[in-house]
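One structure below.
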4 protein chains.
Amino acid sequence: MAEPSRRERKAVERRLAILRTAAGVFRDRGYDSASMDEIAERLDMAKGNLYYYFSNKHELLFFCQDASLDALISGVDSIAALEEEPDEKLRRAVVAHVVCVLDELEGASAHTEVHSLPEDLRGRIIAKRDVYEARVRALVESGIASGALAPVDAKLATLALLGALNAPTRWYRPGGKLSPEAIGEEFASLFLDGLRHARPSIPSTRSTR
Amino acid sequence: MAEPSRRERKAVERRLAILRTAAGVFRDRGYDSASMDEIAERLDMAKGNLYYYFSNKHELLFFCQDASLDALISGVDSIAALEEEPDEKLRRAVVAHVVCVLDELEGASAHTEVHSLPEDLRGRIIAKRDVYEARVRALVESGIASGALAPVDAKLATLALLGALNAPTRWYRPGGKLSPEAIGEEFASLFLDGLRHARPSIPSTRSTR
Amino acid sequence: MAEPSRRERKAVERRLAILRTAAGVFRDRGYDSASMDEIAERLDMAKGNLYYYFSNKHELLFFCQDASLDALISGVDSIAALEEEPDEKLRRAVVAHVVCVLDELEGASAHTEVHSLPEDLRGRIIAKRDVYEARVRALVESGIASGALAPVDAKLATLALLGALNAPTRWYRPGGKLSPEAIGEEFASLFLDGLRHARPSIPSTRSTR
Amino acid sequence: MAEPSRRERKAVERRLAILRTAAGVFRDRGYDSASMDEIAERLDMAKGNLYYYFSNKHELLFFCQDASLDALISGVDSIAALEEEPDEKLRRAVVAHVVCVLDELEGASAHTEVHSLPEDLRGRIIAKRDVYEARVRALVESGIASGALAPVDAKLATLALLGALNAPTRWYRPGGKLSPEAIGEEFASLFLDGLRHARPSIPSTRSTR
DNA sequence: TATGAATGAGATTTCATTCAT
DNA sequence: TATGAATGAAATCTCATTCAT
């Protein structure tokens with residue numbers, strides 16, 4: 001394996017910068033109304049030059065989402081490998097997801113709709129997204145099995161969870177009162193403990209379910 | 001007050017049919033890649049005729065979202081007026097939201113992004129959306145005040161809740177195993193009771209929070 | 001020859017009202033950007049109904065210009081028939097033209113370009129316009145022949161004259177300081193006597209003005 | 001001050017070529033029925049490329065008229081600066097106007113109506129047109145003050161004059177019997193000396209013609 | 001690598017005209 | 001006669017993509 005030359009390293013950085021910028025424009029405008037013009041302009045680069053690094057707009061979207069999903073998957077994988085109680089693992093996964101999703105590039109999977117991709121690329125993204133969902137669901141399922149989590153419909157619970165966790169991309173703005181971590185922690189509590197106040201004197205309805 | 005003539009009634013129905021179809025296309029393709037051509041085609045109507053009923057594509061989106069928010073608001077309002085415990089009201093509101101959002105037209109507010117609207121229309125939709133969010137938050141807050149709900153951050157909890165409740169528009173397809181009502185009920189349980197299993201022998205952690 | 005019935009008379013009036021309104025819209029917007037919608041709206045009539053009276057937009061323009069040219073021709077004809085000096089006839093013709101052209105309908109020939117008409121109709125308008133120009137030129141020529149007018153190029157002089165006489169349609173607004181007649185009189189003096197001042201030391205006809 | 005590069009010079013020329021062609025199409029068809037298609041076709045260039053140089057059709061019209069008025073103003077300004085009698089200056093201004101107006105691009109201000117421009121651009125053209133009219137009127141006024149011209153209503157005379165001078169754009173075709181200069185000279189004589197013949201028995205300036 | 005220029009397909013929108021009532 | 005609806009052919013404009021340098 002040859003070392004990457006300086007030239008090669010520079011090219012990789014350039015590609016990353018482009019993806020980051022593209023992700024930002026996609027988030028701000030939505031994929032379809034985002035224009036290659038605006039991406040190039042924000043990068044202070046001629047539009048034509050984008051095509052040297054990526055062969056088309058779809059590819060730009062694809063790599064954004066792909067990288068984003070890779071980050072999510074590797075995050076949940078390392079959490080799954082920890083020696084912790086299942087509910088603690090889930091808490092950490094929730095925080096990791098929110099933090100990842102509020103980062104410019106890596107949240108790309110959350111803010112752009114899959115239907116904008118052509119058949120083949122769409123399939124690959126959906127497959128990877130399914131992998132991620134399965135990983136999170138596995139966390140839920142093992143929690144249920146161990147008795148740490150309530151015996152809910154794991155699939156539906158995962159979908160509800162992920163829906164909520166992606167939402168902050170629509171309203172979060174850097175510099176607000178709460179950090180991504182803080183938002184993640186709060187979301188985790190909400191999901192784990194629920195909104196209903198436990199009545200101290202009366203055994204939870206949950207046990208009778 | 002004149003009775004609406006038959007002609008007028010027909011025109012209203014036509015407008016509604018157009019909105020419903022448009023909402024469907026927007027949901028399937030996203031606003032920007034939805035084409036007036038496809039909307040007209042699904043309606044089996046000449047494209048130009050759409051402009052007899054709505055002056056442009058933006059207006060189509062605006063009225064979809066507007067009608068959708070009206071439905072959501074009137075739903076939460078009638079629930080708020082009931083004589084029920086706060087947690088029961090919240091449960092009903094959750095179900096009502098999911099049911100509404102999985103209807104073609106009435107769910108329009110959930111599946112299309114606001115940034116596609118021009119300044120003025122966007123402002124009106126955001127204002128109405130804020131009204132709806134405030135209504136739901138009021139439900140949460142009164143639940144906290146009455147002690148029925150845990151003392152969480154009401155604003156963040158509302159945002160998490162609504163994020164989750166809108167998510168099914170992305171994966172729900174009519175004819176699936178679960179009806180919209182069933183999904184709503186499950187979501188309500190998840191949010192009210194949380195994922196963590198109440199330990200039967202030990203008083204809830206919630207009280208120590 | 002049967003008397004026109006009341007119904008027929010009403011139809012003729014309706015047609016005239018339409019032409020007058022159309023001429024106004026053509027003048028305000030130009031033929032091409034004038035819309036049948038606006039004409040109908042100003043008449044407080046449904047657009048479709050216009051087609052009961054005129055078979056298309058071109059016809060509307062054609063009849064406006066045709067009627068306008070008829071008025072101009074009949075005006076110059078009756079002036080030509082008077083027993084007056086040629087220069088006096090020309091003065092009257094100038095006034096008549098300006099007055100006619102500043103009337104809503106009858107000035108139609110001045111403000112709309114001929115190129116908007118299809119081949120056949122355009123030919124007929126051009127022919128009639130040529131007739132009018134010929135009549136005015138005849139006035140100029142007979143003035144030259146009689147010695148009342150200077151021996152100028154009659155054709156070019158006529159074109160210059162008519163160009164100037166049509167111009168007020170672009171800036172005249174009813175209710176201004178000068179009436180159409182006054183404008184016409186002033187134009188006539190300018191054209192007949194010229195701008196150059198007679199030198200005081202040498203007697204000239206100009207000094208008797 | 002950097003020299004314009006060859007590339008920049010080429011771009012300027014391209015813009016000018018486009019304006020010239022556009023002016024021709026506007027003259028032939030009128031602004032509204034002129035199509036971007038035809039402009040592109042005459043330039044042997046893809047329609048979309050026009051939008052690389054000008055952002056829309058209105059801008060095309062605006063720059064045509066703007067350039068045209070600039071040419072007229074600079075023409076009248078340099079004439080005003082000459083050391084000549086006022087009537088001689090006016091004669092030259094008339095010739096300059098006709099010549100300018102019969103040139104493809106620079107006559108653009110004469111053949112297209114202002115009402116086709118949107119509010120803001122229209123205002124700028126009208127302002128510039130008013131400047132030009134004021135310059136010509138100043139020539140007339142100073143002629144009257146010096147006694148070289150008759151004491152006419154300067155404003156009305158200017159309007160009559162300009163109306164006549166713009167008319168040839170409607171009938172002049174290159175290759176005709178008279179050159180633009182010749183037409184201008186003839187128009188100048190007509191306007192300065194008038195149509196009425198000096199009576200032979202009474203000496204007058206007219207007889208010295 | 002990078003750029004300015006060019007292309008062409010497709011989108012929205014307008015509008016004269018027609019049709020059924 | 002009159003109307004509201006409907007149609008379809010253009011027209012303007014946008015924009016991803018390509019090309020020559």
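Here is how names work: the chains are called A, B, and so on, in the same order as the sequence lines, proteins then strands, and each is numbered from 1.
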Taking [X] for the side chain and [Y] for the main chain, is one N or O donor matched with an acceptor at less than 3.5 Å?
X	Y	answer
D/Q65	D/L61	no
B/K57	B/A34	yes
C/E8	C/S5	yes

Under 4.0 Å between any heavy atoms, over every strand shown, what does B/A11 touch: base, sugar-phosphate, or nothing? Just pick one. sugar-phosphate
Tell me: [atom1] of [X] to [atom2] of [N], nearest whole Å?
X	N	atom1	atom2	value
A/D44	E/dT3	CG	C1'	13 Å
D/E8	E/dT3	CD	C1'	13 Å
C/L50	F/dT3	CG	P	10 Å
C/Y53	F/dT3	OH	C1'	13 Å
A/I39	F/dC15	CD1	C1'	12 Å

Got a minute to check which stems DNA chain F is part of, using Watson-Crick or G-U wobble pairs under 3.5 Å, three or more consecutive? E:2-21 with F:2-21
Return a single string for nucleotides 16-21 of chain E, one symbol per nucleotide in 5' to 3' order, where B is base contact, S is sugar-phosphate-only contact and - is none, cutoff 4.0 angstrom on heavy atoms. BBB---
Choosing from F/dA5, E/dA5, F/dA2, which nucleotide comes nearest the side chain of B/Y52? F/dA5
Going from OG1 on B/T21 to CG on B/L105, what distance comes out if it is rounded to the nearest 0.5 angstrom? 9.5 Å
Using 30° and 60° as the class boundaries, would you call the ring planes of B/Y31 and B/H58 parallel, tilted or perpendicular? parallel
State plainly whether the residues D/K128 and D/D66 are in salt-bridge range, i.e. N to O under 4.0 Å. yes
Heavy-atom nearest nucleotide on DNA chain F for D/N49 versus B/K10: which residue maps closer to 5'? B/K10
Under 6.0 Å from the six-membered ring centre of C/Y52 and within 45° of its axis: does the NZ or CZ of C/R14 meet both? no
cation_pi(C/R15, C/F63) dist<6.0 Å, angle<=45: yes
